[in-house]
Amino acid sequence: MNVTSPAPTLPSPRGRISAAVIECLRGTGPLPDGRLVSAAAPLGDDLQLALYVCYELHYRGFADTDIDREWDPELLKVRAALEQPFLRTLRDAATVHKHAEEALDELLVEPVDGSGVSHFLRDEGELWQVREYAAQRSLYHLKEADPHAWVLPRLWGRAKAGMAAVEFDEFGGGRADRVHARLFADLMADLDLDTTYGHWLDATGAEALAAVNLMSLFGLHRALRGALVGHFAAVEITSSPGSRRLAQAMRRTGAGPAAEHFYDEHVGADAVHEQVVRREVVGGLLEEEPYLDGDVAFGVDATTYLEDRLAEHLLGAWRAGESSLRMPVRPAFRSRTGSPGSGETGDEAL
Ligand SMILES: [Fe+2]
Ligand SMILES: [Fe+2]
């Protein structure tokens, strides 16, 4: 299993903006014109992929890109131009709550007859849908907790201590085999999915890219530290019940022991993380910097908004019997896996 691959290669473009960013990183073309960026759909494939590529330079980068491009001032200007419409759209479309407490309280209310992705996978999901879900989520889970680590130098006191405690768990508590990103790679191996970091980028749609870009946006800007904390709180609060349903989905579909373990681990761990994040991280931050209350609420709301969009995309495709990916997943070795609309055989594009 290749989980130590240092860097993926640059993806295929999805429009003129992402094409220009990728060509520029290859050293074969200029950066995109500002007018192109302002005319693009903020949540569309082209802008989201271009932004994802810019952000990836701050994680592991790309094997075919010079490492120094991370701090290329012209590229950073383009990144800022891409971030503005993304952030503006989120502020306009996602903002519901003014205060962190209201936003977080609402997350604690679990609908009796929930209809999200985890409910679907638990109740009626097939193994091919579980595999697609894992492929879509891999862009986040293979860098799980990384963007949140950027906030640590920007926090102080209880917020910093609480955040560090949760991150310590996410990073395996000192054990490489327990790093959550590693546990997710093990889940993917159970599902016969390629575990190489970044492998699924070309197959992943704008909805899942936007959810990852949100974390990078919040993590890389000190001005958005309140939103990053809100995002982290939203993830931790919703993770435990969602993970319970996904663990049931893994068992019911026979995904495998590592797949079950990833979600079982999160049922218990995130029930604790939720308390620490809410009391220490959010509570500590707002004690130090009460004016960030609205930003924490915005981080929660933006997370919910993008997760809802992703869920709508996944469920829409699956209910139509179609793949949710831009390229189909190669059928698993195991005959019980199957793929959409093709029984036990399918396209081998990936
Ligand atoms: Fe985790
Ligand atoms: Fe967690």
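Predicted model, so just to flag it, every value in this text is computed and none were measured. Atoms within a ligand are numbered from 1 in the order they appear, just like the ligands themselves. Index from 1, following the sequence.
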Among the N, O or S atoms that Glu144 has, which is closest to the Fe ion (ligand 1)?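 Sorting the N, O and S atoms of Glu144 by distance to the Fe ion (ligand 1) puts OE2 first.
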Can you check whether Trp150 and His221 have ring centres sitting under 6.0 Å from each other?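 No, the ring of Trp150 stays outside the 6.0 Å limit from the ring of His221, centre to centre.
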Taking the six-membered ring for Trp, are His180 and Phe184 ring centroids under 6.0 Å apart?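 Between Phe184 and His180, which both carry aromatic rings, the centre distance is not below 6.0 Å.
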Nearby protein N/O/S atoms (those under 2.8 Å) for the Fe ion (ligand 2), with water ignored: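 Listed by chain and number, the atoms are Glu170 OE2, Glu236 OE1, Glu236 OE2, Asp270 OD1, His273 ND1.
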Electrostatic pair [X]:[Y] at N-O distance under 4.0 angstrom:
X      : Y      : result
Lys143 : Glu56  : yes
Asp105 : Arg278 : yes
Arg60  : Asp146 : no

With a 3.5 Å cut-off and no angle check, do the side chains of Tyr59 and Ser216 form a donor-acceptor pair?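 Yes, side-chain donor-acceptor contact under 3.5 Å.
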